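Values below: every heavy atom of this structure, side chains too, minus hydrogens, waters and symmetry copies. Values in this document were obtained by computation on a predicted structure and should not be read as measured data.
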Amino acid sequence: MTKLLRACIRRYTRNSIFWIAAILTLGIAVCVSFSARYTFYDDAMVSAQMVIHAILISWVVGKEFKEGIFRNKAIVGHSKGSIFLAELISGVGIAFVLYLLYATIFVVVNFYEVPLLPMSLVVKIFIDYVLLNMCLAAIFVTVSCLLSQQAIIAIVNVTFVLLMIIGSQRLYAGLSQPQYYELYETKNSEWIDEDGNIRYREEKIEGSEYLVENPTYVGGIRRPVYETLYKLSPYGHIVEFVYFNMDWHGYDYFMNNPADGMTGEETWEQVIDDNVITEETIEKFDSNLIYSCILLIAVSSIGYIGFRRKELK
């Protein structure tokens, strides 16, 4: 197993694709960090980082099938289970190293707010991001080990990332819909402006409010299914962090005062007194940790069992 791991690490670190991915990750980290400091957290750049990881792992692991290296390892006595675990551990480890580079830059640039967040929450967010990167790496490694065509592997992994992003956004939009809308009756009134012109307007009739069911609300058996899928999606956790970040930095204040020309840090200073970490927020991040662990174990198990049954040609 040790020899397999060494071989995997050498294969990554001696591959130019890895160093290109590291440089791109460095650039993305700088962009996201300063974006979070002066405006808000840019999840589009995080999506690009996911695509980079998908291409990196697809390219490096995919070559093992293409060049018959998996088969050669099995011939010299390594079990298929050990081969897969070595690929999984190295892939997850590489993803962790790249994320650590990203996280270090992000914290350094935005350190001004770290002391004002509960340390337990900072740790939970960090661990969840580590886990979601590990989950994605596990998915990419599993796909790369179960498919034998290098080009197809890359297409499948990148397509998965795109579908996950679109799917998570749709699930969030559906689950965010209120069950009821509040409507009210109005009456027309007229008034005379300073130039003597008659103007008309609608006024709300107090006490006339009533609730109307929202046809787009996700209810019934679909709701727990959608919620589970959303929680299992690594990108769903990023969406949660994006909205937490926007709320923490006073996105509504920023949108209502665009002419002030303030940076994100200055806007944040305007709303800091209203920033409260609710129990609901803490529970969200707690549940994200649980779902990330479940996904990591499930994907790794599927990959391990599937690769052991795969015929190496």
For S233 and L229, indicate whether the former's side chain and the latter's backbone hold a donor-acceptor pair under 3.5 Å. no

Pair W59, N15 - check side chain to side chain contact (heavy atoms under 4.5 Å, CB included), show working. CA-CA 10 Å; W59 181 267; N15 196 310; 3.6 Å; yes

State, with a plain yes or no, whether a side-chain heavy atom of I94 is found less than 4.5 Å away from one of L98. yes

When every non-hydrogen atom of I57 is compared with those of S144, the smallest separation belongs to O-OG, 3.9 Å

Side-chain heavy atoms of V61 within contact of C145, under 4.5 Å: yes

Using the benzene-type ring in the case of Trp, are the ring centres of Y102 and Y129 under 6.0 Å apart? no

Contact summary for A22 and L101, nearest pair of heavy atoms: O-CD2, 3.8 Å

Aromatic plane relationship, F18 with Y12 - under 30° parallel, 30 to 60° tilted, over 60° perpendicular: perpendicular

Do you reckon I302 sits in the same ILVMFWY cluster as F307, going by side-chain contacts under 4.5 Å, direct or chained? no

Using a 4.5 Å cut-off on heavy atoms from C-beta on, say whether the side chain of L136 contacts that of M50. yes

Find the distance between CZ (F126) and OH (Y99) and round it off to the nearest 0.5 Å. 5.5 Å

Where is the tightest heavy-atom contact between N157 and V143, given as atom of each residue plus distance? OD1-CB, 3.3 Å

Do I20 and I28 land in one hydrophobic cluster if side-chain heavy atoms of ILVMFWY residues count as linked below 4.5 Å? yes

Path from I290 to I127 over hydrophobic side-chain contacts below 4.5 Å: yes

Non-hydrogen side-chain atoms of H53 and V161 separated by less than 4.5 Å: no

Side chain to side chain contact (heavy atoms under 4.5 Å, CB included) between I125 and L121, intermediate numbers included: CA-CA 6 Å; I125 292 173; L121 185 62; 4.1 Å; yes

Report yes if some heavy atom in the side chain of T25 is under 4.5 Å from a heavy atom in the side chain of Q49; otherwise report no. yes

So if you build clusters from Ile, Leu, Val, Met, Phe, Trp, Tyr with side-chain heavy-atom gaps below 4.5 Å, do F34 and L26 land together? yes

Of all heavy-atom pairs linking Q169 and Y235, the shortest is NE2-OH, 3.7 Å

Please check: side-chain N/O of Y230 versus main-chain N/O of G236, any donor-acceptor pairing under 3.5 Å? yes

Considering residues at least two apart in sequence or located in another chain, which fulfil the salt bridge (charged side-chain N to carboxylate O under 4.0 Å, His left out) criterion with R170? none

In Å and rounded to the nearest 0.5 Å, what is the CZ to OG1 distance from F84 to T142? 4.0 Å

Please give me the minimum heavy-atom distance between A21 and I52, naming the atom from each residue. CB-CG2, 3.6 Å

Do R223 and E227 meet the salt-bridge criterion of a basic N to acidic O distance under 4.0 Å? yes

Atom pair CD (E87) and OG (S90), whose distance is rounded to the nearest 0.5 Å: 5.0 Å

Nearest heavy-atom pair of Q177 and A173: which atoms, and what distance? CG-O, 3.4 Å

Do V130 and F96 have side chains that get closer than 4.5 Å, going by heavy atoms? yes

So how far is it from E240 CD to K231 NZ, rounded to the nearest 0.5 Å? 5.0 Å

For the OG atom of S292 and the CG atom of D128, what is their distance to the nearest 0.5 Å? 4.0 Å

Between I89 and L131, is there shared hydrophobic-cluster membership here, with clusters defined by ILVMFWY side-chain heavy atoms closer than 4.5 Å? yes

Check the surroundings of atom CZ in R6: do more than 12 heavy atoms from other residues, nucleotides or ligands lie under 6.0 Å from it? no

Quick one: pull up CG in L56 and CH2 in W19 and give me the separation to the nearest 0.5 Å. 11.5 Å

